[in-house]
2 protein chains.
Amino acid sequence: MYFWENYFFVTRSEENYIKTIFHLGDNSSDLVSTNAIAEQMDTKPSSVTDMAKKLAEKGFVNYKKYQGVSLTDFGINTALSIIRKHRLWEVFLVEKLDFSWDEVHEVAEQLEHIKSEKLIDSIDALLDFPKYDPHGDPIPSKDGKFMERHKQLLSDMALKTEGVCVGVKDTSAAFLKFLDKNRIALGNTIKVLEKEDFDQSLHIQMEGKELHISHQIASNLYIKKND
Amino acid sequence: MYFWENYFFVTRSEENYIKTIFHLGDNSSDLVSTNAIAEQMDTKPSSVTDMAKKLAEKGFVNYKKYQGVSLTDFGINTALSIIRKHRLWEVFLVEKLDFSWDEVHEVAEQLEHIKSEKLIDSIDALLDFPKYDPHGDPIPSKDGKFMERHKQLLSDMALKTEGVCVGVKDTSAAFLKFLDKNRIALGNTIKVLEKEDFDQSLHIQMEGKELHISHQIASNLYIKKND
DNA sequence: ACAAATTTTTAGATTTGTCTAAATTTTAAT
DNA sequence: ATTAAAATTTAGACAAATCTAAAAATTTGT
Ligand SMILES: [Mn+2]
Ligand SMILES: [Mn+2]
Ligand SMILES: [Mn+2]
Ligand SMILES: [Mn+2]
């Protein structure tokens, strides 16, 4: 049994668990629960327990029985590398192959598991080192650093404030297609004109034109306020 | 249990067996033996027998106990689709990401299993529908047709005949790097000047310059004779 | 504080793909 | 035509990843 067999081989399934744990444990450093992982991954809690033990064994997570798991530094680096690949492939599909932003996620779920450092670094260079993916999510650099933009939900913006649309919270194909149909795209300028108390819908100005949008939409669009 | 679950889902392992059976059964329509598959795939004959039954069950092969397997039409189409993906990805890596021809095979072995018709068709278009991969092997079209070039081994060419180097038989990284070092590349013009009876080595003219090459090399280079 | 509800783990089974060792069939040699 | 050798299959086992059902621990509600 060689060194790399113990420490560096990661299965596709392990990678998916690590990525999910990263996303669920995002901004809080406390433990991620078995049930939360099971629900997110559409699997059973008992399967999660088994995998938690294996991931702990391999050094990706700290596992406290009945409490949950948290990623180790090694686990965080592994997660960032997978997320980097996922988001770079999404950019590639949109920029080089004319995929629309609602089509890229499923394919990226496969491509993120391809193991070749040279491949992903070349894709990165081909794309001229993009900082954000097609949904506005930041792309970790080779050494795991990335800039989360200062952004807020459109539904949380004050009246009269202006900004630029920089991301989506809901990344479902249905929502993304809806945005396309209504000419709402990342990079668009936005100004909040009026808020309707009754249903929290908004009157906004987008790229010059006036628009009425529901709370459902506004609470899934990220805006970066103008300085 | 849905239709597509029975008939269209193919695992990575099944795909690798199908591809191997295709290559081993190439120009002869007779059965491919269990041992040949096992040796090629670096696995055990008993594993091959198990898989042969499963592939027969799924309609990819005809399996005759103790005789071997042959691909069905469905199996051939499946194999061609995998080979198409493999070779298109190899071209992509060389043409768009500046990989050298000795680096592409391992990555293509992973990429060939990505399931997205739109993805591979877009890659095909991006590359302007190449007919051959970096090693000179033909790329099947979407509907499974491809042109095998009329070619012969350099070692089989008659004296004084001229041609163009169009492929390699040995695709090992060691051989490909050797060719690079000696400035032997696909597309080069070649003329056989002299054959040495003693060791079957050749004096050739390549792109104007004279060159001495061993039988080992000559018997792994494919040449298309000039009309 | 203690019972009830919820969460999590364990025990045991299943599927996929693999292995070793033994049995069977085919092929080759005398 | 037998026998020996080689190829192939079967039987039984194992690791990975999952599941169901039951047991154990934790959390919640009064
Ligand atoms: Mn995605
Ligand atoms: Mn994304
Ligand atoms: Mn190849
Ligand atoms: Mn090739």
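Lettering of chains follows the sequences in order, A, B, ..., and the numbering in each one begins at 1.
Checking side-chain atoms of B/T72 against main-chain N and O of B/G59 turns up a donor-acceptor pair under 3.5 Å.
Of the side-chain N and O atoms in A/T49, none sit less than 4.0 angstrom from OP1 or OP2 of C/dT10. Regarding contacts with the backbone of C/dT6, every side-chain N or O of A/N35 stays at 4.0 angstrom or more from both OP1 and OP2. At the phosphate of C/dT7, neither OP1 nor OP2 sits under 4.0 Å from any side-chain N or O atom of A/S33. Put simply, B/S13 has a side-chain N or O that comes within less than 4.0 Å of OP1 or OP2 on C/dT18.
Remark: A/I213 CD1 to A/L202 CG distance equals 5.0 Å, nearest 0.5 Å.
The aromatic rings of B/F92 and B/W89 sit perpendicular, their planes meeting at an angle over 60°, well past the 30° parallel limit.
Going from atom NZ of B/K44 over to atom P of C/dT20 covers 5 Å, rounded to whole Å. What separates CE of B/M41 from P of C/dC19 is a distance of 10 Å, to the nearest Å. Distance A/I37 CD1 to D/dT18 P: 13 Å, rounded to the nearest Å. Between B/K64 atom NZ and C/dT26 atom C1' there is a gap of 15 Å when expressed in whole angstrom units. Straight-line distance from the CD atom of A/E39 to the C1' atom of C/dT8: 15 Å, rounded to whole Å. A straight line from CG of B/D50 to C1' of D/dC14 spans 13 Å, rounded to a whole angstrom. Spacing between atom NZ of B/K53 and atom P of C/dT18 amounts to 15 Å, rounded to whole angstrom units. The distance from atom NZ of B/K65 to atom C1' of C/dA23 is 12 Å, rounded to the nearest whole Å.
Sequence order on DNA chain D of the closest nucleotides to A/S46 and A/Y66 puts A/S46 first from the 5' end. Comparing A/E14 and B/Y63 against DNA chain D, the residue whose closest nucleotide sits nearer the 5' end is B/Y63.
By the 4.0 Å N-to-carboxylate-O rule, B/E15 lies close enough to B/K115 to be salt-bridged with it. A salt bridge links A/D121 to A/R84: one of the charged nitrogens lies within less than 4.0 Å of a carboxylate oxygen.
Using a 4.0 Å heavy-atom criterion, one finds that A/S47 contacts the bases of the nucleic acid, with or without backbone contacts as well.
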